[in-house]
Amino acid sequence: MADAPHHVRLLPSAQRDLDALDPPLFRRLADAGRALGVSPRAHGSQKLTGDEGYRVRVGDYRILYRVDDPTRTVFIYRVKHRREAYRER
């Protein structure tokens with residue numbers, strides 16, 4: 001039997017990041033964020049060094065997130081262009 005999906009929570013910082021994007025890019029990133037609920041550690045996601053988080057690439061953008069397995073929740077905390085994604089943590 002397959003595992004139940006994770007809940008995806010968008011933190012306010014990630015919501016601000018998404019709100020600043022144009023609609024087609026917003027949709028692509030939102031779809032990728034929702035997919036993390038089904039498979040938070042899917043092929044293509046990478047563990048961040050020195051952090052509890054992961055990242056997934058969507059074109060030139062990165063979705064940065066943490067997974068809380070006991071509560072089955074994915075917390076998306078940033079959605080940034082790749083050149084800005086790792087600066088402010």
Closest contact, heavy atoms only, Gly33 versus Ile63 =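 It is N-CD1, 3.9 Å.
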inquiry  = Give me the atom names and distance for the closest heavy-atom approach of Pro40 to Val67.
reply    = CB-CG2, 3.8 Å
As an exercise, state the distance from [atom1] of [X] to [atom2] of [Y], rounded to the nearest 0.5 Å.
X	Y	atom1	atom2	value
Arg27	Leu18	CZ	CG	12.5 Å
Arg55	Ser45	CZ	OG	9.0 Å
Arg82	Asp60	CZ	CG	5.0 Å
Gln15	Ile76	CD	CD1	10.0 Å

key: salt bridge (Lys or Arg N to Asp or Glu O under 4.0 Å) pairs, two or more places apart, involving residues 5-16   = none
request  = Kindly check if the number of other-residue, nucleotide or ligand heavy atoms within 6.0 Å of CZ (Arg72) is above 12?
outcome  = yes
Is the backbone N or O of [Y] less than 3.5 Å from a side-chain atom of [X], with the two atoms forming a donor-acceptor pair by type?
X	Y	answer
Arg78	Lys80	no
Ser39	Leu36	no
Ser13	Leu11	no

task = Write out all pairs satisfying ring pair (Phe, Tyr, Trp, His ring centres under 6.0 Å) with one or both partners inside residues 17-60, taking only residues at least two apart or from two chains.
result = Tyr54-Tyr65
query = Is any side-chain heavy atom of Leu10 less than 4.5 Å from a side-chain heavy atom of Tyr77?
reply = no
ask   = Is Leu48 reachable from Val74 through a run of I, L, V, M, F, W or Y residues, each pair having side-chain heavy atoms under 4.5 Å apart?
value =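 No, separate clusters.
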inquiry  = So that I can tick it off, tell me whether Asp17 and Arg62 are bridged by a salt bridge, with the cut-off set at under 4.0 angstrom between side-chain N and carboxylate O.
reply    =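 Here Arg62 does not pair with Asp17 in a salt bridge, since their nearest N and O are not under 4.0 Å apart.
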ask   = Taking NZ, NE, NH1 and NH2 as the nitrogens, is one of them in Asp31 or Arg28 under 4.0 Å from a carboxylate oxygen of the other?
value =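 Looking at Asp31 and Arg28, the cut-off is not met.
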ask   = When you look at Leu64 and Val79, which way does the side-chain contact (heavy atoms from CB on, under 4.5 Å) test go after all the steps?
value = CA-CA 6 Å; Leu64 306 177; Val79 179; over 6 Å; no
message = Does His6 form a side-chain contact (heavy atoms from CB on, under 4.5 Å) with Asp69? I'd like the steps, not just the answer.
response = CA-CA 8 Å; His6 284 66; Asp69 287 314; 3.4 Å; yes
